[in-house]
Structure formats: C-alpha cells, structure tokens
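The structure appears right after this line, and notes come after that.
Scope of the values below: all heavy atoms of this structure, side chains included, with no hydrogens, waters or symmetry mates.
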Amino acid sequence: MRQKRENVRNIAIIAHVDHGKTTLVDELLKQSGVFRDNQEVAERVMDSNDIERERGITILSKNTAVMYKDTKINIIDTPGHADFGGEVERVLKMVNGVVLVVDAFEGAMPQTKFVLRKALELKLPVIVCINKIDRPEARPNEVVDEVLELFLELDADDSQLDCPFVFASAKAGIASLDADEPGTDMEPLFETILDYIPAPEGDPDAGTQVLISTIDYNEYVGRIGVGKVDNGTIKVNQDVVICNHHEPDKQVKVKVSKLYEYDGLNKVEVKEAGIGSIVAISGIADIHIGDTLCSPDAVNPIPFQKISEPTIAMDFIVNDSPLAGQEGKYVTSRHIRERLLKELNTDVSLRVEETDSTDRFKVSGRGELHLSVLIENMRREGFEFAVSKAQVLYKEDENGKRLEPMELAYIDVPNDFAGAVIEKLGQRKGELRNMGSISGGTYTRLEFSIPSRGLIGYRGEFMTDTKGNGIINTTFDGYAPYKGDISYRKQGSLIAFEAGEAITYGLFNAQERGTLFIGPGEKVYAGMVVGQTGKAEDIEVNVCKKKQLTNTRSSSADEALRLTPPRILSLEQALDFIETDELLEVTPTKLRIRKKLLDSRLRKRAGFAQNQ
C-alpha cells in the first residue's frame with residue numbers, strides 16, 4: 001500500500017551558473033537553526049572544495065538537510081555550469097520537486113533552459129525563485145514573463161505552468177511573494193516548499209528499493225552510494241542485491257555495513273531509514289551510479305537515464321621533457337593511470353581509455369572546464385604530466401557522414417564590441433541566430449550556433465576583444481553535420497633553441513619578436529615555447545644568450561636593459577593557447593608549453609612532409 005511521508009520534502013536547487021544557488025542554500029541553513037548563534041560560518045559553506053571556493057562555482061552536487069516546522073527538507077545544491085550537467089541529470093531522480101533560481105537582471109540563460117528541461121521531462125513540480133531583486137538594475141516582472149515563455153517553449157503542462165514565484169535576495173536573506181514588497185526572512189520560501197512540493201511516496205511494507213544517484217568517495221571507507229529510499233526500509237547489516245536497469249545480468253549479493261542520513265552539513269549514522277529518506281551507504285565496494293539496492297526476494301531495478309556522452313577529449317601523457325621529474329611527486333604512467341581511474345569513482349561523465357602507448361591515456365569529458373578542473377586537482381596533489389590540445393569527439397550518422405557537437409552561445413557585450421565578436425565567431429563557423437538589445441540599450445545580446453571546436457581557445461580572445469566587459473555562456477546543442485575546417489591561431493610561437501637559464505640580455509632581444517611568457521632566471525630547454533609572435537609562423541630565439549664582454553666601453557653599454565613584464569598564462573589560458581603540434585607540461589609549480597617534437601630538424605621535416 002503506497003503512502004505519503006508528510007514530514008519529509010526532497011528538493012534540488014537548480015539554476016544557471018552564478019545566479020545564487022549556493023548562497024540561497026547558505027541562508028536556508030542559517031535560518032533553519034543549523035548553526036549555533038556564535039558559530040563562525042564560511043561564505044558559500046556548501047562549496048567545500050578549494051577550486052570551488054576560488055572560482056566561485058559549484059562542481060559537485062552536495063546534499064544537506066534542514067528542519068522547518070517538524071518537516072525535514074533534504075536539499076541538493078547542484079552545479080550551474082554546462083560542463084557539470086551530468087551531475088544535475090542524476091540528482092533529479094532523488095527529488096520530488098525543484099527550486100529554479102533565476103537572476104532578476106540576467107533572466108533566463110542557456111543553462112536555466114537545460115536544467116529546467118530535465119526537470120520538466122521528469123514531471124517534477126517547479127518553484128521559481130527570482131533572486132537578486134536588490135540589484136540596482138533588477139527587472140523582476142520582465143524576468144517572470146521570460147521564465148513563463150521558457151516554460152511554454154519547453155512544453156510544460158498546465159500544472160507546471162501554474163507554478164509559484166518567490167522573489168528573494170539570497171545575500172540579504174529575505175524572500176517574499178510580491179516583487180514590490182521585500183520580505184524580512186526566508187519564511188515565504190520555506191512555506192512555498194511545504195505547500196507546493198509533494199511529500200515522497202512509497203510502499204513501506206514492500207521489498208527494499210534504493211536507487212543510487214551519486215557516488216561519494218572517502219579514503220577510509222571507500223565508495224559511498226547516495227540515493228533515495230523508494231520503497232520499503234533499509235537497515236544496517238541487511239542483505240541486499242545490487243542490480244541495474246541497463247545491465248539485466250548484474251546481480252551481486254552484498255551487506256549494508258553503515259547507513260547515514262543528512263542533518264545540516266553532517267552525515268549522521270542511523271540504524272534504519274524509511275521511504276523518502278535520502279541515505280548514504282558505505283561498505284559496498286562495487287557500487288555504481290544507476291545501481292538499485294533491492295531485497296533478495298524482490299529484485300526489481302529502477303529505470304535510470306543514460307548519462308550524456310562526453311564531447312571533448314585530451315591526451316594525458318607521461319612528461320618526457322628535459323626537466324621531467326624535478327618538480328612533481330607522482331610522475332610515472334602507473335601513478336597517472338591509478339589517479340585517472342580513481343576519478344572515475346566519482347565522475348560519471350568522464351571516460352578514460354588506454355591507447356597503443358602505455359605512457360598515454362585518452363581522457364574525454366563534457367567540456368574544457370570539466371577537464372581543466374581535473375588537471376588542476378591533479379597538479380595540486382603533486383602529479384606531473386603533459387596534456388595535448390583538446391579535440392572534439394565526432395560521430396557518424398547511418399550514411400557515414402561526419403557529425404560534430406554543436407553549442408548554443410549566448411553573448412552579452414557592450415554595443416561597441418558587437419561587430420568584433422560577430423566577425424571572430426563568423427571565422428570560427430558560428431552562425432548568428434538572434435540579436436537584441438538589453439540593459440536599456442547599452443548592451444547587445446547575440447545568440448550563435450557554433451561548432452564546439454570553434455569555441456576552443458576563444459575565451460581569452462573574447463575577453464581581449466570586449467576589454468573584459470563581455471559575458472559568454474554556452475550550452476550543448478546536439479550534433480550536426482561537419483561545418484568545415486577552422487584555423488585556430490593566427491600567431492606563431494617563440495621557441496627556445498637551446499637549454500639553459502633565461503638571461504635578461506637574451507630576453508631583451510627576443511621581446512622585439514613578440515610577447516614573452518617567461519622572465520629572467522627561468523629554466524628553459526630546446527623546443528620549449530617561451531612566447532607568442534605577431535606573425536603566423538614560429539620563430540626560434542635564444543633566450544639564454546649572454547652579452548659578450550669586451551674591453552671597449554661604449555656610452556650606452558651600462559644602461560640597464562628594460563624588459564616588458566612577461567604574460568603569465570593561467571591553466572585555462574595555456575590550454576586555450578596550445579596548438580595541435582604542442583603540449584602543455586603541467587607540474588605542481590609550473591606550466592610550460594612545448595612542441596611535441598623538441599628537435600628543430602625533426603619539426604622541419606614533419607612540417608615539410610605535411611606540406612607535400
């Protein structure tokens with residue numbers, strides 16, 4: 001007999017990147033009394049990982065729970081970035097409704113559309129929270145119309161269209177049901193969640209059924225499966241069977257050794273959990289996302305949607321440069337292989353494939369940001385390796401025609417720079433779909449359909465073209481026929497042609513040829529890229545050249561040589577910059593760009609053979 005569990009609500013908070021999901025969760029935690037009055041609380045407390053804090057983005061979905069009027073509200077904070085969309089797709093299976101957060105100024109953005117489509121497909125009720133209503137240029141009433149248009153575009157049914165709107169400022173900790181009357185606390189949002197989000201349903205007397213939607217990993221207890229109890233109860237020391245909807249033959253008998261529920265930011269050990277509870281289960285080594293834990297006498301897996309395929313790939317290679325092994329702690333192919341396979345424990349959108357070389361692994365992900373976060377995590381852990389330029393993954397249709405991944409790019413730029421952006425994206429096979437005026441006519445919003453490979457290496461150029469004032473957002477838009485060749489970089493590289501230490505005299509002569517990436521005193525080797533030229537072809541320079549000492553004095557000899565400060569590339573900028581014949585050498589302390597072939601004679605031969 002199916003019953004509702006009225007004292008529980010399960011919700012996910014979904015939104016476009018930077019619209020205030022994590023800040024909103026902070027306020028819900030604070031106002032529900034999770035923290036002591038005198039407790040020091042970090043800002044964006046849910047972003048626990050260093051990179052999340054530094055970049056201000058959520059990468060991994062996280063669970064928390066608050067108590068409000070004797071009802072336990074399980075909240076899942078999800079990523080807003082398209083590269084981590086795989087996280088959002090999965091966690092929606094755990095919840096009975098979503099809170100869609102939309103910025104009161106920016107309105108509905110590409111990722112808003114992506115996450116909302118997923119929620120509507122699962123027939124989940126939606127509460128729309130218009131956030132940042134205290135921004136000076138906020139336009140909440142227009143944004144409400146935009147969101148309703150988006151619902152219609154995504155074929156929402158009548159009950160979903162009749163959704164409640166809450167107007168909030170997560171930073172100020174206030175919410176209200178009227179855009180013109182600011183509230184005093186978050187109570188209107190809590191009340192709306194209780195009234196509008198249905199309580200979880202299930203049969204408490206049926207066999208156990210728990211669908212695993214997220215995998216956590218801990219050095220001490222190994223894999224931890226997180227999921228919702230759909231039917232029955234689950235207890236410590238209970239015998240269960242792991243089965244999977246997509247793998248009919250999979251049936252493994254295991255025992256539940258530890259069971260946790262969420263309370264605030266902590267996991268609390270419990271002896272048993274009933275329907276609607278979101279639980280974490282440890283002690284099962286072979287547990288994967290999409291698995292269902294069932295009672296042995298009623299094995300019935302719950303259907304689970306396939307995770308979206310990766311669209312972009314890079315080679316991770318053992319570092320073989322002349323400076324290899326001097327800065328990293330883990331440098332061998334065994335270390336790199338183990339670390340990449342460990343990442344698969346928690347990241348289901350990632351693929352790792354062996355290649356014909358034991359020193360090279362092909363790693364595929366959902367976008368440049370997805371892979372750069374993995375690279376950044378590895379270098380912080382002490383790994384040293386090299387990566388190749390990102391390549392998109394093509395498909396073939398039934399007629400053997402090549403298809404490539406496409407993106408929708410939404411770009412907001414000051415009117416003066418719109419022409420430059422349209423010209424650059426046109427060269428990269430972008431197709432302008434829409435163009436309109438926003439922000440009282442001072443900004444232009446452009447909508448492009450563009451191949452994913454056309455965006456590789458574009459963000460840095462975009463920031464230069466718009467003097468840092470442009471905003472670019474992209475979302476995956478399926479596969480389309482191949483659009484033709486794109487030439488990425490118009491400028492060549494400055495290449496060091498001998499090993500040693502960079503000297504001011506050598507750098508002074510080299511800087512006339514282009515922009516330098518290194519300063520004096522840095523170690524270089526033959527074949528290392530030390531800068532960028534203004535011309536299309538590569539130029540070799542000697543940055544280790546010393547001034548010849550003579551016994552003749554000249555009037556200008558003693559004047560100090562003035563060097564222009566070098567351009568220090570971040571990880572993303574370096575990944576954007578490298579060409580197909582280059583590698584990025586990544587160590588815990590340095591990022592160096594180098595040619596795949598370090599010997600200049602071999603490079604010339606390869607270039608000659610290519611032109612034949």
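Other residues, nucleotides and ligands place more than 12 heavy atoms under 6.0 Å from the CZ atom of Arg445. Counted within 6.0 Å of CG on Asp356, heavy atoms from surrounding residues, nucleotides or ligands total 12 or fewer; the atom is thus considered open. By the neighbour-count criterion of 12 heavy atoms within 6.0 Å, atom NZ of Lys590 is sparsely surrounded, having that number or fewer from other residues, nucleotides or ligands. Environment of CZ in Arg339: crowded, with over 12 heavy atoms of neighbouring residues, nucleotides or ligands closer than 6.0 Å.
A distance-only check finds no donor-acceptor pair linking the side chain of Asp465 to the backbone of Ala420 [under 3.5 Å]. Judged by distance alone, the side chain of Arg594 and the main-chain N or O of Met528 form no donor-acceptor pair under 3.5 Å. A donor-acceptor pair under 3.5 Å is absent between the side-chain atoms of Lys228 and the main chain of Ile278, judged by distance alone. Judged by distance alone, with hydrogens and angles left aside, the side-chain atoms of Lys389 form no donor-acceptor pair with the main-chain N or O of Met314 at under 3.5 Å. Thr444 places no side-chain N or O within 3.5 Å of a backbone atom of Ser437 that could act as its donor or acceptor partner. A donor-acceptor pair is defined here as one N or O able to donate and one able to accept, closer than 3.5 Å; no such pair exists between the side chain of Glu585 and the backbone of Leu591. One N or O on the side chain of Glu582 and one on the backbone of Glu579 form a donor-acceptor pair closer than 3.5 Å.
The side-chain heavy atoms of Val210 and Thr292, taken from C-beta on, include no pair separated by under 4.5 Å. Side-chain contact between Val95 and Leu124: present, with at least one pair of heavy atoms (C-beta onward) separated by less than 4.5 Å. Counting heavy atoms from C-beta on, the side chains of Leu293 and Ile242 come closer than 4.5 Å. In this structure the side chain of Met94 reaches within 4.5 angstrom of the side chain of Val226, judged on heavy atoms. Within the 4.5 Å cutoff, side-chain heavy atoms of Leu371 are placed close to those of Leu350. Residues Leu571 and Leu584 meet the side-chain proximity criterion, which asks for heavy atoms closer than 4.5 Å.
A donor-acceptor contact closer than 3.5 angstrom is absent between the side chains of Gln532 and Ser493. Checked by atom type, the side-chain pair Glu431/Ser449 shows no donor-acceptor distance below 3.5 Å. No side-chain N or O of Glu384 forms a donor-acceptor pair with one of Thr587 less than 3.5 Å apart.
Summarising the geometry, atom CZ belonging to Arg453 is positioned 8.0 Å from atom NZ belonging to Lys429; distances are rounded to the nearest 0.5 Å. How far CD1 of Ile422 is from CG of Leu425: 8.5 Å, rounded to the nearest 0.5 Å.
Close placement of the Phe577 and Phe517 rings is indicated, their centers lying within 6.0 Å of each other. Between Phe316 and Phe361, the ring center distance fails the sub-6.0 Å criterion.
Using bins of under 30°, 30° to 60° and over 60° for the plane-to-plane angle, the ring pair His335/Tyr330 lands in the perpendicular bin.
Between Arg592 and Glu327, at least one side-chain N (NZ, or NE/NH1/NH2) sits under 4.0 Å from a carboxylate O, which counts as a salt bridge.
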Is there a side-chain contact (heavy atoms from CB on, under 4.5 Å) between Glu447 and Met435 once you walk through the steps?
CA-CA 6 Å; Glu447 188 182 324; Met435 186 171 174; over 6 Å; no
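Only one option out of Ile317, Leu583, Ile375 pairs with Val387 in a side-chain contact (heavy atoms from CB on, under 4.5 Å); it is Ile375.
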